[in-house]
There are 2 protein chains.
Amino acid sequence: MDPNASRSSAGRSRGHATIHDVAAAAGVSVATVSRALRGLDRVNETTRERVFAAADELHYVASPSASSLASGRTGVIGVAVPFGDRWFFATVLSSIARRVRAEGYQVMLLDLEQQGQHEKRLPLTSDMLAKRLDGIITVNIAVTGAETALIDRLGIPLVSVGTRVPGRPLVRIDDAAAARLATEHVVALGHTRIGYVGRVPPQSAGLTTPAHRFEAFSEVLTEHGISVRSAWVLGSDWTMDDAFRDATTLLTRAQRPTALVVGSDEMAFGVMNAARRLGVQVPSDLSVVGIDDHPFSDVLDVSTVRQDVVGQGLAAAEILLPALRGRRQDPSLIHTSEIRLIERGSTARPG
Amino acid sequence: MDPNASRSSAGRSRGHATIHDVAAAAGVSVATVSRALRGLDRVNETTRERVFAAADELHYVASPSASSLASGRTGVIGVAVPFGDRWFFATVLSSIARRVRAEGYQVMLLDLEQQGQHEKRLPLTSDMLAKRLDGIITVNIAVTGAETALIDRLGIPLVSVGTRVPGRPLVRIDDAAAARLATEHVVALGHTRIGYVGRVPPQSAGLTTPAHRFEAFSEVLTEHGISVRSAWVLGSDWTMDDAFRDATTLLTRAQRPTALVVGSDEMAFGVMNAARRLGVQVPSDLSVVGIDDHPFSDVLDVSTVRQDVVGQGLAAAEILLPALRGRRQDPSLIHTSEIRLIERGSTARPG
DNA sequence: CTGAAAGCGCTTACAG
DNA sequence: CTGAAAGCGCTTACAG
């Protein structure tokens, strides 16, 4: 029996043609098939055409496992997020996926949310990384020392978004500048009774965004000789629900701010709704400014500081891609995505 | 030179121990390492412990590529969505990922959104499926005949969510029942001037959800002797923005409905905001009821028909999992996820 | 420009 | 319970 024939029929019986089937059909060696199909140099044009024809005919697709094993590359990029179902993370993830598929890469979702716990995410482990991913993008993940060591040992290129991973490129917005823009906006309108929503407790340490934004808020007030009243600084767990609850409590008090700077638009929605329920008019009784320009903010008429979330995903992909091809990364690279104030109807002069 | 020693050092120089290194360290064959580590029967307990110790010591993780090539299984599930960044899809995706990782599966995101185009998604191709995925879950994807043929040929188990893929299990809510609940709610409140938002144009054909919901709405009105006025049936592209625009036009007319049934909560937010801007009071001038129970709907006080999106993701995973282990699927299985009316502040008696 | 052959690192019957 | 060996399907120097 011809070994080629037996291989060929075996391939077909499982519904999958192999490179041997294509080679046989095209009358060339498997090495030539491999080169032709991957568009490498030094393949005769006529030969290449014959190979493509045979491959088409047989519905041939190279086995990713076999390619990976032989080449050491998997063609897969992991995207690690703390919550896969929230707007910011879903948007970054999706934009990365759309960018890298043009280069032939697939995206694996590493959703690190821990069932019950909100503070404690799953760790990045060898199981999810080793020999599986060509690169990783972390989105607001405070990577631990042990994890960094692991990733170093595995030699996987990494780009961080939002919260920085030490020694790796970073894509972000200038959180302090964003909070400054928002705060200066209400100060410029003449407000002096100003509160803040979104100061997270210290256990969320490692995440730099909430801390930077609150600090910048405080600085701006101080620069203008306005005191930060701790009773007007709300925590909230960076969700709409929490902001709604906290704002309801605050706005029921006798002493109320005339403006609230809010760390995210989703929280701003909660604040505005609390105000509406209590009959506090926005913006005449209370100005509210957020950060994000969430897709709902336009329709809900929320003043905010816009950030380009899709753009940050694209930028991260753009930085990772060359590293996947072996080019050395600049570990100190920081790509700062543009922001800008968008004045809408939720802010006005006090009174 | 001892071939094992050379292998071992080669492994270490690349930062990756192989199964040979572990076998050498534990003093057993690679076959035994493979069995021990995967928890197969017929391995002596002492041997197993030695193998685990050696594997730990060497930070050994089996190469997924090599395992896949040898076993034919990849441990990866693809989740295909039309828009990875929208709430419904991100939520389903994330819940699937969290469910299947407990069984050792990873999730690959197949975001089929086409850059500029909203109507036309990317096709499912062999490149993304063949020899790469053990199973697929499609979420509101109208799979074409060619795609079904491809998936059949590749022999990949598939579970569909929302829009059905012929001959495959389906997880969904009863869309007609949901729209019925919503519509009957406003009818029961005494409304007779009722409009609908979310009737999509026929080019989105294949997606069953929008059509089923609108049909059920029409049926309920007819059953109650209420006529469907086409001027009060709005299209909108199932986004908040579009619903806002369309509702603004409608509510500016002299002849206005007193209630609107809206195909999704996101659109309902847009409608309510259009009303607010125009000074149309919700619910006294206009009742609005949506479908979904979006995470924002509670705070925004929107009456709606709740569906369990996380639960649908889990159910799809639960159905796919046994099929991955080779168990035959029931191609006619339909898992219908529960729904229920949630009355909030956006609906009331007319006038 | 092309081919033969080694090698990537596992799993899986098959023996024992 | 364990091992030797074949095989999974590619890629990549190495020759020519």
Q | A:His20 NE2 to C:dG3 P, straight-line distance once rounded to whole Å | A | 13 Å
Q. Within this structure, what is the CD1-to-C1' distance between B:Ile19 and C:dT11, rounded to whole angstrom?
A. 8 Å
Q. Mind checking whether A:Ile136 and A:Ile151 have side chains closer than 4.5 Å, heavy atoms only?
A. yes
Q: Return each pair, listed once, that meets side-chain hydrogen bond (donor to acceptor under 3.5 Å, both in side chains) where at least one residue sits in residues 312-331 of chain B; pairs must be two or more places apart or across chains.
A: B:Arg99-B:Glu318, B:Glu103-B:Arg325, B:Gln307-B:Gln312, B:Asp330-B:Ser332
Q) Just to confirm, is there a sub-4.0 Å distance from OP1 or OP2 of C:dC8 to any side-chain nitrogen or oxygen of A:Lys131? A) no
Shorter than 3.5 Å, N or O on both sides, protein versus nucleotides 12-16 of chain C: list them out with atom names.
unit_1: C:dT12; atom_1: OP1; unit_2: B:Arg73; atom_2: NH2; d: 3.0
unit_1: C:dT12; atom_1: OP2; unit_2: B:Arg38; atom_2: NH1; d: 3.0
unit_1: C:dA13; atom_1: N6; unit_2: B:Arg35; atom_2: NH2; d: 3.3

**Q.** Check: B:Thr18 main-chain N/O paired with B:Asp21 side-chain donor or acceptor under 3.5 Å
**A.** yes
Q | Protein-nucleotide distance (B:His16, atom NE2; C:dC8, atom C1'), rounded to Å | A | 12 Å
Q: Mind checking side-chain contact (heavy atoms from CB on, under 4.5 Å) for B:Ser67 and listing every partner two or more places apart, or none if nothing turns up?
A: B:Ala62
Q. Is it true that the side chains of A:Arg50 and A:Thr46 contain a donor and an acceptor less than 3.5 Å apart?
A. no
Q | Pairing annotation in dot-bracket form, given for DNA chain D with Watson-Crick or G-U pairs under 3.5 Å and | for cross-strand partners | A | |||.||||||||.|||
**Q.** Pairwise side-chain hydrogen bond (donor to acceptor under 3.5 Å, both in side chains) hits with a residue in residues 130-139 of chain B, at least two apart
**A.** B:Thr74-B:Asp134
**Q.** For atom CG of B:Leu69 and atom P of C:dG9, their distance in whole Å
**A.** 12 Å
Q. In whole Å, what is the span from the CG atom of B:Asn44 to the C1' atom of D:dT2?
A. 10 Å
**Q.** OP1 or OP2 of C:dT11 under 4.0 Å from side-chain N/O of B:Ser67
**A.** yes
Q. Among C:dT2, D:dG9, C:dG3, which is the nearest nucleotide to the side chain of A:Thr47?
A. C:dT2
**Q.** Position toward the 5' end of DNA chain D (nearest nucleotide), B:Arg48 or A:Ala66
**A.** B:Arg48
Q: Determine which pairs satisfy salt bridge (charged side-chain N to carboxylate O under 4.0 Å, His left out) with at least one residue from residues 71-83 of chain A, sequence neighbours left out, and list them in order.
A: none
**Q.** Under 3.5 Å donor-acceptor, B:Ser68 side chain and B:Pro64 backbone
**A.** yes
Q) Does A:Ser29 put a side-chain nitrogen or oxygen below 4.0 Å from OP1 or OP2 of C:dG3? A) yes
Q: Figure out the CG/P separation between A:Leu58 and D:dC10, and round it to whole Å.
A: 12 Å
Q. Can you find a side chain N or O atom of A:Thr18 that sits less than 4.0 Å from OP1 or OP2 on D:dG9?
A. no
Q | Contact nearer the 5' end of DNA chain D, comparing A:Ser68 with B:Arg42 | A | B:Arg42
Q: Output the single nucleotide from D:dC10, C:dG3, C:dG9 whose closest atom is nearest the side chain of A:Ala62.
A: D:dC10
**Q.** Donor-acceptor contact below 3.5 Å, side chain B:Glu147 vs main chain B:Leu124
**A.** yes
Q: Let me know the distance between CZ of B:Arg132 and C1' of D:dG9, rounded to the nearest Å.
A: 14 Å
Q | Approximate separation, where rounding is to 0.5 Å, of A:Leu112 CG and A:Phe89 CZ | A | 10.5 Å
Q) Rounded to the nearest Å, what distance is computed from the CD atom of residue A:Glu49 to the P atom of nucleotide C:dT2? A) 12 Å
